[in-house]
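Let me begin by presenting the structure, written as structure tokens, before commenting on it.
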Amino acid sequence: MYGTVRDTAGAAIPRVQLRVMNTELRTTVEANGHYRIAAIPAGRVVLNAWLIGYRQAFDTVEVVGGDSVQVDVILTPSPLTVGPIVVTAAKRSQFLDQAVTSVALVSDSEIARRAVSTVDEAVNKAPGVLFLNGQVNIRGSSGFVEGLGSRVLLLVDGVPANQGDRGGIDWDMLPLDEVDRVEVVKGAGSSLYGSAAFGGVVNLITHDIPVGVHGRVRATAGAYANPPESVWQFRDYTGGLGGLDVTGSYGSQELRGSLTLGGRHSDGYREQDRSDQWETGGKAEWHPAPDTRVTASGSWTSHQYQVGDPWCELNKCDNRGLAFQPFMIDTSNQGNYTRSDKGYLAATIERTPSARFSWQARGSWLRTHFTDLHKGPDDFGVANRFGAELRGEAHAARGGVVTVGAEASYSDVTSNIFTGVTAATSDTVRSHDQTAFAAYGEGEHQAGRVRLTAGARMDFIARDGGSVSSVLSPRVGAVLPTRAGTWRASIGAGFRAPSLAELFVSTSAFGYRVIPNPDLQHETAWSFELGNAAALGSRARLDAALFWTEARRLIEPVFTRDTAGNPVIQFQNVARARLRGLDLFLVATPFPWNLTTSLSYTFLDTRDDSTGLVLAFRPKHLATLSADYGWRSLSVGADFRFVSRIEEIELAGPYAGDPRVAAKVLDLRAGWEGGPVSVRLLMNNLLNYMYSLTPGTLEPVRTMSVILAWKY
Amino acid sequence: MSSRMWRLALAAAVAAACHEGLQPTPTCPPGFVGICGLVTVLVPLPDSLKDTTEAVFIVAYKNFPTAPESLFNFLPLPPPPIPTSPSTYPYSLKVPNGQYQWVLAVWKRKGTLTTQSADSLLREVGFYKDGGDTTTHGTGIVTVNGPGTDSIDFVIDFGNMHRICTYFPPCPP
């Protein structure tokens, strides 16, 4: 199938997502508006075209075996159109409004408009998402535990990518230029994804490789503002940042490949905050047969960064008479830095033997290697995560769909701090591993106007070759389109197996021993959601959801005593907790048409049932107000983000007494696009508002950046 | 929503972000509940101890420890360290309201702290006491009742370091 995609005025529309429904066949429209999709099975198929800002189009096409068919698509501008296809909520392609749970999208055009440079910057502005010093929270799922044990699962094109040792997420693992869009599934997703999908799933979907020769170059340069108070000054020059990313790709009908190389440097905005990063990512596609696609992808990042937090507390540096110095480092931590290398390789085979059935198999290898260099012996950890999955998808004649699959993974770590040794020693190096097998299935059935979904996943997990534990994670849901919008409801189970780091950590923190706890059990949760997506007149659309999660055996670090009565820190299954609230997203195009505004708001009400207090690191209110205006080739926009004061923190040590304030951050952006060249100006934290979200860690100051991009 | 209302909303957002935020905070900030004061290092840490020193901490006990087992009932947890060079340093201990019978500075040798190793790893190097007091551990009772417990000043003398067993005799040889 081939053809063009144009708007109603006849202008070519690049980057439109084209998909043959009920198959894995898809492509992205080229810069000249042309597209081509090979190997479509003979018969009647439905072609879907979607791009944000346009009403999506469907075309039923009769494909004759061995012959080509031309289908030209015309898209009508419609800024409010939603209804893109998502691939994460049900582990298969479906329309967004058919998903039984909330899904937030970050499109490629949004990534380009915001001109962000890293993946976490792109994800951070998604509705309901909040980063706490690099740790992602979806509706308050994770809190903050120094990056250990994320309750959000990261996928790269559907491949799990959480660290094998700490269970956390390396957001710098994949160059942003490789990412086409991001899907954020909210709420427990363990019925399809198993452990770590306790509070949600973030899926980074990489670019499809277009036919022909293409290239992208993006250069970034910027500067950090100086501290707003003279008593906080810590250097006599202005800190800068810069980066360069180059992507090249070539594609024919049978073979396609792309490669991204990049590097960036930052002086940082605090004392001892320099960072250097080199990254590469690539992807290759092979179409050996009409109904078969083989994809291989990978990335590698080497990141060296000084450790600029925690900030200097009383008597830990030249305080200049102040209780704390947010821009300065504790002198005892001077010289600390981390080298972190990470990467992954993945290969996927997708086959679509008929319009009713498709299957895919994949294998992956994720490797992380960190070394913390500081006074005294260095800490290090080398971890691997090998994964494999086989999945099938069958479509019934009357709209029903069944997805079944099996998944296996093996994680190991060799480290001198995840040893499991109780005695204080730093010269012990030990290895630990975790093996997991799982089978899952989910079916969707159309009953009148209601689409019903039911499924479950069974996980079997063993550590160090020991006994096997099992977890069943069911989920049921329904979607009902009505005149008052499309209603969705679901209830599902979530769980998270403790990471190898939480089980076997043996180190020191705040001057105390952190001892292992090999008896840690899985965290579990039930998550309920009721949502509605509705158009409000012709110029606004609202998606709102009420959510409620009951969690048990949450793993948290606590001060306790060892068997000899000595004060120590240990991860324990301590908390039984409730997280409930409201999540809404409103997008509107008030006068004039080319002004788009949006408001996302999350209200979070949490309670730690063991203490009666709110859960630590869960702000009650999170809101982002955005506006973008375009005029010809120029655009301007602004975001204002509010995060209410974090009421409770834990393991804060000497930082417990620090003042905590709400975050109120205003970002401005402006851009010009002329043909293949674009220039964007960013002014993040324009008002140079000083705040912290985690103890002893100052959030970024005002940062001005200029981004030059060129596409071929 | 009209464009005027959006402009108003944006202006409100800007106004909301113009102020507040973290500000320079004096040593014992207004509203701080705990113990603040100055500690003066009179005699420097001997060179012979520098390699084995882990840190010097300031801690507070609600009740004077009466046995090695109660040594770990100090607050705050973890305690703040202070420099060891001769000078005067401000300190603050974030502790809840109540009476504190002993506010002191503790030198700690490198090593894993246990009740058994406490006598070899810890030394009392100075504590707060009322003027003219001559008792073993002083009668410097500090009362925290909301904010404002300031000027709990005392000195550190690394030339006069006391073993823990001084308070739980007899001292082993």
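Proteins come first, then strands; the chains are lettered A, B, ... in the order of their sequence lines, and each starts at number 1.
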Disulfide bond (SG atoms under 2.5 Å apart) contacts touching residues 29-102 of chain B (sequence neighbours left out): B:C28-B:C36
Option in B:L113, B:T115, B:V33 with maximal non-hydrogen atom pairs under 4.5 Å from chain A: B:L113
Considering only heavy atoms, which portion of B:P76 lies under 4.5 Å from any heavy atom of chain A: side chain, backbone, both, or neither? neither
So, do A:N133 and A:D309 sit near enough that their side-chain heavy atoms are less than 4.5 Å apart? yes
Check B:K108, B:K110, B:R123 against B:E54 for a salt bridge (charged side-chain N to carboxylate O under 4.0 Å, His left out) and give me the one that passes. B:K108
Sort A:L698 into side chain, backbone, both or neither according to what part of it lies under 4.5 angstrom from a heavy atom of chain B. side chain
Chain A contacts, top residue of B:T114, B:L71, B:L93, B:V39 (heavy-atom pairs, under 4.5 Å): B:T114
For A:Q570, give me all partners under side-chain hydrogen bond (donor to acceptor under 3.5 Å, both in side chains), at least two apart in sequence or on another chain. A:Q572
